[in-house]
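One structure is given below, encoded as structure tokens.
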Protein chains: 2
Amino acid sequence: MNGSVKAVTGTDARRERWDGHRADRRREFVEAALRVLESGGTDLPMEAVAAQAGVTKPVLYRYFADKAALVDALAERGSQILLSRLMPAINSDGPALARIRAAVGAYFAVIDEHPDLYRLLARRPGTDGAQASTERDKELISTTLTAVISDALCRFGLGSGGAEPWAHGVTGLVHSTGEWWLRRRSMSRTRVVEYVTALIWSAFTGILREGGIVLGPQDPVPACRVPAAGRPAGTGSPPALDPAAGPIPGGGTG
Amino acid sequence: MNGSVKAVTGTDARRERWDGHRADRRREFVEAALRVLESGGTDLPMEAVAAQAGVTKPVLYRYFADKAALVDALAERGSQILLSRLMPAINSDGPALARIRAAVGAYFAVIDEHPDLYRLLARRPGTDGAQASTERDKELISTTLTAVISDALCRFGLGSGGAEPWAHGVTGLVHSTGEWWLRRRSMSRTRVVEYVTALIWSAFTGILREGGIVLGPQDPVPACRVPAAGRPAGTGSPPALDPAAGPIPGGGTG
DNA sequence: AGTAACTGTTACTTCAAGTCACATACCGTC
DNA sequence: GACGGTATGTGACTTGAAGTAACAGTTACT
């Protein structure tokens, strides 16, 4: 009889049996790596990861070409964790300020829960240098933020040329403050969050104000529909801040 | 006769002969390392540095305990280069906006000239982790900025409690945008500088505005006298941005 | 039974960091 | 002029982690 898979699909079922299994296995190792990070310290020896997963190095190397690949996977995991907390906050309804505060709060909550992962990804060991997947995680976040900012600017009828640099800027702002806070913890989390929120809020409203728009803390902004991934940024010019050096309306004395 | 040093100072002159020589020698190696960075790539093998200096490893190791120490020295050098361009810009006279622009411009000019050094210091290899001189350079810059911001806030009669987180935030803002720009160079330098300046300017004026002070692009701020090193930040609370909402919604506990 | 895909192991190579043992040069002291 | 303290330098080593090679067992489809 031929209930045999081969007869039905035309391929040897011994091949397909394992499809998708790789992904599971990789996840296992990522979990193991996370456990090593939690217990261990700042570095992440491959041997320890393998041991934590209950096997030896060569097995690990069957699923990750090298250490950079593992760290990459960790980065992706980290980004997922972060974005899954960040996006609901950013996309929540409510006034803009509350959303910024929620997003910043979520960010600090995440790094508070996963300090080791954060530190690992912050300064990549293993990712030696330039080309190979340079910081796909931060890039992913910045890209997402680019879309959000770009969207917001468009809604106010402003050029979105600044979206990309500003997204990277804000990402770095939060990131650096986060690193500093983790290192020192010289103030409560709610307090840092409040300070960071104030800074971003000021920056945001200030940019709008340059475009002639005044936004109050309670004013709503239509929720962003985040597009699939960041468009490379639209067009527009940097605001001509300095009335002496160019056009643009009545100096910031609003 | 005894023109001998020992007779005069009480110590063997064979000891003092070398005082201060170490510093010179270390400088030599730092130069060599810079040359390696320029020609080579992203990594910095000790052997290459030694070779570049015309000697072998053990000699290098007589002046630097380990690689981290060398990188530290490079970081210090980098900070010096950066601060020597940054501080005149920040402390120049002229309106606040112009000074911010000059400072941001100086920053980008420096990283444009020393991209490899910048990249090395951005993600420290060798500095394994926690304790040993964690990023003395960025810390130094942030500390200096803390002083500047703190000073500025005081001049406007505002609490300086936010100076430290904001300093780290702004440092990170510029840093991240710089990294992104170096990687991509998708816009001209003057353009990024303008965008970053706009963001910082907005943040700055916004913070002042929360304190009831309106600052225009042309308005001067008394030049900062920068104290020797950053005071640990003063006192004050985060601005209560949201008159309606009391405590924090997002993120959970502090 | 034969075999394609996995499972896993021990033992190796490689490479850079860092150390050891040893040899030489300068120059002030005696 | 011999002595010796501080430097100069080298080649050969050790160590540790990344990554590889060769080999052996298991499962389930053909």
Atom-pair distance (NZ on B:K67; P on C:dA17), nearest Å: 4 Å
Side chain of A:K57, base of D:dG19: donor and acceptor closer than 3.5 Å? yes
So what does A:Y63 hit on the nucleic acid, given a heavy-atom distance under 4.0 Å: a base, only sugar-phosphate, or nothing? sugar-phosphate
Whole angstrom is fine here: how far is it from CZ in B:R22 over to P in D:dA7? 8 Å
Side chain of B:V55, heavy atoms from C-beta onward: which of C:dG8, D:dT10, C:dA17 has the nearest atom to it? D:dT10
Under-4.0 Å side-chain N/O to phosphate OP1/OP2 contact, A:T56 with C:dG8: no
Heavy-atom pair of closest approach, residues A:T171 and A:S142: OG1-OG, 3.3 Å
Over how many whole Å does the gap from A:F29 atom CZ to C:dT7 atom C1' extend? 11 Å
I need the CZ-P distance between B:R62 and D:dA7, as an integer number of Å. 9 Å
Give the minimum heavy-atom separation between B:L140 and B:S79, together with the two atoms involved. CD2-CB, 3.9 Å
Go nucleotide by nucleotide along DNA chain D from the 5' end; which of A:P45 and A:P58 gets its closest nucleotide reached first? A:P45
Phosphate OP1/OP2 of C:dT7: any A:R25 side-chain N/O under 4.0 Å: yes
Which of these passes side chain to side chain contact (heavy atoms under 4.5 Å, CB included) with A:Y107: A:D112, A:I141, A:L82? A:L82
Just to be sure I understand the rule, does B:V59 reach a base, reach only the sugar-phosphate, or reach nothing, if contact means heavy atoms closer than 4.0 Å? base
Is the B:H175 ring parallel, tilted or perpendicular to the B:Y118 ring (thresholds 30°, 60°)? tilted
